**Q** 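Please see the structure below; I have some questions.
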Amino acid sequence: DQQVKQNSPSLSVQEGRISILNCDYTNSMFDYFLWYKKYPAEGPTFLISISSIKDKNEDGRFTVFLNKSAKHLSLHIVPSQPGDSAVYFCAASPSGAGSYQLTFGKGTKLSVIP
Amino acid sequence: SQTIHQWPATLVQPVGSPLSLECTVEGTSNPNLYWYRQAAGRGLQLLFYSVGIGQISSEVPQNLSASRPQDRQFILSSKKLLLSDSGFYLCAWSVSSRGEQYFGPGTRLTVT
């Protein structure tokens with residue numbers, strides 16, 4: 001059973017526009033969420049995270065929104081740039097004893113068109 | 001600054017052969033270390049987790065094992081590879097048991 005779901009395998013956006021990547025989770029114990037960016041044949045790079053005590057976290061062009069009641073989070077990239085083209089993974093970790101364990105979604109491939 | 005190294009970058013091994021993948025971290029002490037696998041079309045799956053030398057937690061029953069002989073060295077091994085062991089193997093580290101994990105460049109393993 002997938003506890004972290006990224007339902008869109010791919011997304012295409014025009015350069016300069018907003019990219020919105022979505023992620024849903026089912027485990028109510030998840031209370032810390034992260035986004036990673038991955039280029040082909042490389043390891044994922046940490047982008048931004050958010051704790052469940054917040055509903056928004058911003059870092060430059062990247063903003064993550066968390067809706068706990070809907071068990072949904074999203075990553076906004078504004079403005080999108082061609083270098084943002086990559087696979088984006090959403091990840092979540094629970095509170096308590098298993099907090100080291102990140103559960104990843106399958107990823108969304110973002111293509112930013114010049 | 002901290003860096004993480006993995007080698008080899010790519011590996012092609014026949015079924016039944018042994019495996020040894022190595023990961024080292026520089027610039028930090030007593031990191032938490034992780035081995036992940038990404039199979040084709042799937043997300044990252046945590047295989048092993050270590051909080052210190054000789055301390056290994058296995059998350060998924062499988063054909064693989066892990067060891068941590070030194071503080072900043074993490075090794076993934078197998079005595080006999082299976083076709084299903086093919087995938088992209090990633091080592092990661094973190095400074096605590098909570099929060100961001102930082103990944104190495106990965107090893108692409110193909111079992112033939």
Side-chain angles (χ1 to χ4, degrees), chain A residues 1-10 21 23-27 29-54 57 59 62 64 86-109, chain B residues 1-11 21 23-25 30-52 55-60 66 74 87-110:
Chain A
D1 179 36
Q2 252 189 295
Q3 298 186 65
V4 177
K5 300 178 184 179
Q6 294 178 256
N7 292 320
S8 298
S10 62
L21 298 109
C23 178
D24 297 294
Y25 62 95
T26 58
N27 189 338
M29 296 301 293
F30 288 152
D31 69 345
Y32 193 73
F33 305 89
L34 308 91
W35 283 95
Y36 284 84
K37 174 182 179 180
K38 184 181 181 300
Y39 293 117
E42 294 184 8
T45 302
F46 169 72
L47 274 178
I48 193 169
S49 61
I50 188 166
S51 166
S52 61
I53 62 172
K54 295 184 176 181
N57 189 26
D59 184 2
F62 301 92
V64 56
V87 177
Y88 289 78
F89 290 96
C90 169
S93 73
S95 57
S99 62
Y100 62 87
Q101 185 165 8
L102 295 183
T103 300
F104 285 83
K106 291 186 177 181
T108 296
K109 183 177 182 180
Chain B
S1 64
Q2 300 87 359
T3 56
I4 179 169
H5 304 279
Q6 275 187 255
W7 62 92
T10 59
L11 190 60
L21 302 181
C23 168
T24 59
V25 181
N30 197 30
N32 294 312
L33 296 174
Y34 312 81
W35 277 112
Y36 286 86
R37 175 172 61 201
Q38 184 184 15
R42 305 189 68 175
L44 281 70
Q45 180 186 37
L46 179 65
L47 302 175
F48 298 97
Y49 164 63
S50 173
V51 298
Q55 301 180 61
I56 310 293
S57 297
S58 175
E59 295 300 319
V60 181
F74 206 20
F88 192 50
Y89 287 82
L90 289 153
C91 181
W93 68 274
S94 67
V95 295
S96 70
S97 62
R98 195 63 197 277
E100 299 80 30
Q101 295 177 16
Y102 300 94
F103 288 82
T107 295
R108 171 71 61 191
L109 171 66
T110 303

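All values below come from the heavy atoms of this structure, side chains included, with hydrogens, waters and symmetry mates left out. Bear in mind that the values here come from a model prediction, so they are computed numbers and not experimental data. Proteins come first, then strands; the chains are lettered A, B, ... in the order of their sequence lines, and each starts at number 1.
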**Q** At a heavy-atom distance under 4.5 Å, which candidate from A:Pro94, A:Pro9, A:Gly107 has the highest pair count against chain B?
**A** A:Pro94

**Q** Report the residues that fulfil salt bridge (Lys or Arg N to Asp or Glu O under 4.0 Å) with A:Asp24, sequence neighbours left out, ordered by chain and then residue number.
**A**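 With sequence neighbours excluded, A:Asp24 shows a salt bridge (Lys or Arg N to Asp or Glu O under 4.0 Å) to no residue whatsoever.
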
**Q** Which bit of A:Ser93 comes within less than 4.5 Å of chain B, counting heavy atoms only: side chain, backbone, both or neither?
**A** both

**Q** Relative to the ring of B:Tyr102, is the ring of A:Phe46 parallel (under 30°), tilted (30 to 60°) or perpendicular (over 60°)?
**A**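 Perpendicular: the ring planes of A:Phe46 and B:Tyr102 meet at over 60°.
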
**Q** With side-chain hydrogen bond (donor to acceptor under 3.5 Å, both in side chains) as the criterion, how do A:Tyr100 and B:Glu59 come out once you've worked through the C-alpha distance, each side chain's angles and the decisive distance to 0.1 Å?
**A** CA-CA 11 Å; A:Tyr100 62 87; B:Glu59 295 300 319; 2.7 Å; yes

**Q** So which part of A:Leu102 gets closer than 4.5 Å to some heavy atom of chain B, the side chain, the backbone, both or neither?
**A** both

**Q** What part of B:Leu44 lies closer than 4.5 angstrom to a heavy atom of chain A: side chain, backbone, both or neither?
**A**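 Interface part for B:Leu44: both.
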
**Q** Where does A:Ala91 contact chain B at under 4.5 Å (heavy atoms): side chain, backbone, both or neither?
**A**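 Neither part.
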
**Q** What part of A:Tyr32 lies closer than 4.5 angstrom to a heavy atom of chain B: side chain, backbone, both or neither?
**A** both

**Q** Which bit of B:Gln45 comes within less than 4.5 Å of chain A, counting heavy atoms only: side chain, backbone, both or neither?
**A**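 Neither part; nothing is under 4.5 Å.
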
**Q** When you measure from the side chain of B:Ser50 to the backbone of B:Gly52, do you find a donor-acceptor pair of N or O atoms at a distance under 3.5 Å?
**A**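 Judged by distance alone, yes, a pair lies under 3.5 Å.
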
**Q** Show your working on side-chain contact (heavy atoms from CB on, under 4.5 Å) between B:Asn32 and B:Tyr49 and close with a plain yes or no.
**A** CA-CA 7 Å; B:Asn32 294 312; B:Tyr49 164 63; 3.9 Å; yes

**Q** Is the backbone of A:Val64 close enough, under 3.5 Å, to the side chain of A:Asn57 for a donor and an acceptor to pair up by distance?
**A**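 Pair absent, no side-chain N/O of A:Asn57 close to backbone of A:Val64.
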
